[in-house]
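This report refers to the structure that appears directly beneath it.
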Amino acid sequence: MSQNKFRNTIDMKHTPINCELIDQTIQEFQITDFSKATIREVKAIASKAEAQSGVEFIKMEMGVPGLPPCAVGVKAEVEALQKGIASLYPDINGLPALKEEASKFIKAFMNIDISYEGCVPVTGSMQGTYASFLTCSQCDEQKDTILFIDPGFPVQKQQLVVMGQKYETFDVYDYRGEKLKDKLESYLQKGNISAIIYSNPNNPSWICLNDEELQIIGQLATKYDVIVLEDLAYFAMDFRTDLSSPYQPPYQPSVAHYTDNYVLLISGSKAFSYAGQRIGVSCISDKLYHRTYPGLTKRYGGGTFGTVFIHRVLYALSSGTSHSAQYAMAAMLKAANAGEYNFLKEVKVYGDRARRLKDIFLRHGFYLVYDKDLDNPVADGFYFTIGYPGMTSGELAKELMYYGVSAISLVTTGSSQEGLRACTSFIQDHQYDQLEERMTLFEKNNSKK
């Protein structure tokens, strides 16, 4: 059904926010295709419409943590600042205590052995992916393309646009399980792929690749000598399984069990609600850290993947990571490793919110786009995906704005499915009733006759 037909119906009926206000605001941003509106654009339009209309928006477009920061981290960082650490440049290799705790954390919660030297503090996982993209793309002149197993985080593709690097993508929706092998190999056999990137749990769909799929990725990465960048921004947040006990199974699944060609990207933002301090750790496998590549030797005159990553790329980007934030991350990881701090217990609220929000949408004619992990229902977590019969991604995103609900189109995530990504992080308790009321009206105005 076309947008015009929906609009003709809407215009004759009441909506919480005047349609013309939303249309005019979108026009002011010169967005001709709302399915391609970025996270920041959707946020800005929602904020402006909220201010002008006086109607509170239910904001689900941004993946920003909505919980208090980890108190253990705050205490450690404050103490470090009070001792004068802000006056000193951090070691480009990273705070030794953080490197050691990161190595232990990976063993405790993933059952993977990585030496502390390969655990490198970064200014959030965003910098970790940027530095990884750069380093991977320089290893072999014949391999000039990054492959995304989508859907994924839109800004990672923007990073490649900024640095002028090529990328390819495919939507994993129709290629789960054994089907992944042939699809993935069809790209790798071209010989131009330097690295594969995916998130697990996945942003935006919250699907979780299982061990069979991770084994396929790992074995093909070894066969075609490709580096895997495993984005663990939502570390162990598959709440269907309790992954919170250190040094005890079950563990966070990882491709690291199936190949030596990997970088694990661990973030302090979501699992520890420490997003504002921009702290993460990029963990390079021992074999990859010490490996030399002809492209790196030609460009830098020597060095291994690990030393180039640290002493060339990171040094050029930022000369290191916030000194005090490294103390915070070290303390949080240490507490988690010792079993003194259950970081997953604090973030389970996201799963509770997702379940309540999904129920409301499903009651009013919506459906879940990515609804299964093979034969299992997808987990409740930080994100979920919704669609509405007869509406494209852009139509639905714009339509919901009339009801004071903001979310981003799946188009921007590399998905080939029609629908939206909704984030649970900003939802407040009083907004469930608001959403119920607004979606009741939405269903009334948009139900098929």
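We number each residue from 1, following the sequence as shown.
Looking at Glu395 and Glu418, their side chains never come closer than 4.5 Å, going by heavy atoms from C-beta outward. By the 4.5 Å heavy-atom criterion applied to side chains, Arg278 and Met126 are counted as neighbours. Between Gln252 and Asn200 the shortest side-chain heavy-atom distance falls below 4.5 Å. Under the 4.5 Å side-chain criterion, counting only non-hydrogen atoms from C-beta, Gln156 is not in contact with Leu160. Using a 4.5 Å cut-off on side-chain heavy atoms (C-beta onward), Phe426 and Met60 make no contact. Using a 4.5 Å heavy-atom threshold, the side chains of Asn203 and Arg421 count as touching. Side-chain contact between Tyr350 and Lys270: absent, with no pair of heavy atoms (C-beta onward) separated by less than 4.5 Å. Contact check for Phe57 versus Met401: side-chain heavy atoms found under the 4.5 Å cut-off.
One distance of note links NE2 of His364 with CG of Asp359; it measures 10.5 Å at 0.5 Å rounding. In this structure, CD1 in Ile284 is found 12.5 Å from CG in Asn261, a value given to the nearest 0.5 Å. A distance of 9.0 Å separates OG1 in Thr440 from CG in Leu435, rounded to the nearest 0.5 Å.
Looking at Glu230, its side chain does come within 3.5 Å of a backbone N or O of Val255 through a donor-acceptor pair. Not a single donor-acceptor pair under 3.5 Å links the side chain of Arg438 to the backbone N or O of Pro16. Within the 3.5 Å criterion, the main-chain N or O of Glu117 finds a donor-acceptor partner in the side chain of Lys99. At least one donor-acceptor pair under 3.5 Å links the side chain of Ser103 to the backbone N or O of Ile114. A donor-acceptor pair under 3.5 Å links the side-chain atoms of Glu41 to the main chain of Thr38, judged by distance alone. With hydrogens and angles ignored, the 3.5 Å screen pairs no side-chain donor or acceptor of Gln127 with any backbone N or O of Gly124. Judged by distance alone, the side chain of Thr424 and the main-chain N or O of Tyr383 form no donor-acceptor pair under 3.5 Å.
Of the listed residues (Tyr370, Tyr234, Phe384, Phe239), just one forms a ring pair (Phe, Tyr, Trp, His ring centres under 6.0 Å) with Trp206, and that residue is Tyr234. In summary, of the residues considered (Phe442, Phe361, Tyr403), a ring pair (Phe, Tyr, Trp, His ring centres under 6.0 Å) with Tyr388 occurs for Phe442 alone.
By the neighbour-count criterion of 12 heavy atoms within 6.0 Å, atom CD of Glu168 is densely surrounded, having more than that number from other residues, nucleotides or ligands. Sparse packing is recorded around NZ of Lys36, with 12 or fewer heavy atoms of other residues, nucleotides or ligands lying under 6.0 Å away. Atom OH of Tyr116 is surrounded by 12 or fewer heavy atoms from other residues, nucleotides or ligands within 6.0 Å. Surrounding CZ of Arg40 are at most 12 heavy atoms belonging to other residues, nucleotides or ligands under 6.0 Å away. The neighbour count for Tyr315 OH, taken as heavy atoms of other residues, nucleotides or ligands under 6.0 Å away, does not exceed 12.
For the pair Arg356 and Tyr432, the cation-pi test (distance below 6.0 Å, angle within 45°) is passed.
Leu374 and Gly177 get closest at one heavy-atom pair: CD2-N, 3.7 Å. Taking all atoms of both residues into account, the shortest heavy-atom contact from Asp211 to Pro253 is OD1-CB, 4.3 Å. Residues Leu314 and Ile310 approach most closely at CB-O, 3.5 Å, considering heavy atoms. Smallest separation of non-hydrogen atoms from Leu214 and Ser254: CD1-N, 3.5 Å. Nearest heavy-atom pair across Gly152 and Pro204 is N-CD, 3.8 Å. Residues Leu98 and Pro121 share a closest heavy-atom pair of CD2-CG, 3.6 Å.
Ser205 and Thr385 share no side-chain donor-acceptor pair at under 3.5 Å. Looking at Asp286 and Ser115, their side chains do bring a donor and an acceptor atom within 3.5 Å of each other. Between the side chains of Thr412 and Ser409, no donor N or O sits under 3.5 Å from an acceptor N or O. Side-chain N/O atoms of Asn376 and Lys372 include no donor and acceptor closer than 3.5 Å. Between the side chains of Asp171 and Gln417, at least one donor N or O sits under 3.5 Å from an acceptor N or O. Side-chain contact check for Gln215 and His257: no donor-acceptor pair (N or O, by modelled atom type) lies under 3.5 Å.
The pair Asp373-Arg240 counts as a salt bridge, with a side-chain nitrogen and a carboxylate oxygen less than 4.0 angstrom apart. Salt bridge present: Asp150 and Lys157 bring a charged side-chain N and a carboxylate O closer than 4.0 Å. A salt bridge does not link Lys83 to Glu79: none of the charged side-chain nitrogens sits closer than 4.0 Å to a carboxylate oxygen.
Here ring pair (Phe, Tyr, Trp, His ring centres under 6.0 Å) pairs that include residues 259-291, with residues two or more places apart or in two chains, are Phe272-Phe343.
For Glu346, there are no salt bridge (Lys or Arg N to Asp or Glu O under 4.0 Å) partners at least two apart in sequence or on another chain. Applying the ring pair (Phe, Tyr, Trp, His ring centres under 6.0 Å) test to Phe148 and every residue at least two apart in sequence or in another chain returns Tyr167. Judged as a salt bridge (Lys or Arg N to Asp or Glu O under 4.0 Å), and not counting sequence neighbours, the contacts of Lys166 are Asp144. Legend: residues meeting salt bridge (Lys or Arg N to Asp or Glu O under 4.0 Å) with Lys59, ordered by chain and number and at least two apart, are Glu50. Residues passing the salt bridge (Lys or Arg N to Asp or Glu O under 4.0 Å) test with Arg355, sequence neighbours excluded: Asp352, Asp380.
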TODO: Please lay out, stage by stage, how Asn18 and Ser53 fare under the test side chain to side chain contact (heavy atoms under 4.5 Å, CB included).
DONE: CA-CA 8 Å; Asn18 185 281; Ser53 68; over 6 Å; no
TODO: Kindly indicate, with the supporting measurements, whether the criterion side chain to side chain contact (heavy atoms under 4.5 Å, CB included) is fulfilled by Ile58 and Leu400.
DONE: CA-CA 10 Å; Ile58 299 171; Leu400 281 176; over 6 Å; no
Open item on the list: Run the side chain to side chain contact (heavy atoms under 4.5 Å, CB included) test on Ile227 and Thr135 for me, step by step, so that the C-alpha distance in whole Å, both residues' side-chain angles and the decisive distance to 0.1 Å come before the verdict.
Closed with: CA-CA 10 Å; Ile227 298 167; Thr135 311; over 6 Å; no
Open item on the list: Using side-chain hydrogen bond (donor to acceptor under 3.5 Å, both in side chains), reason through Tyr402 and Asp23 one step at a time and then give a plain yes or no.
Closed with: CA-CA 9 Å; Tyr402 301 145; Asp23 293 346; 2.8 Å; yes
Task: Candidate pair Met62 and Ile408, rule side chain to side chain contact (heavy atoms under 4.5 Å, CB included), full reasoning - done: CA-CA 8 Å; Met62 286 197 71; Ile408 66 165; over 6 Å; no
Task: Verdict with reasoning, Gln326 to Thr321, per side-chain hydrogen bond (donor to acceptor under 3.5 Å, both in side chains) - done: CA-CA 7 Å; Gln326 292 191 52; Thr321 301; 4.8 Å; no
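Between Tyr327 and His323, the ring planes lie tilted relative to each other; the angle falls in the 30° to 60° range.
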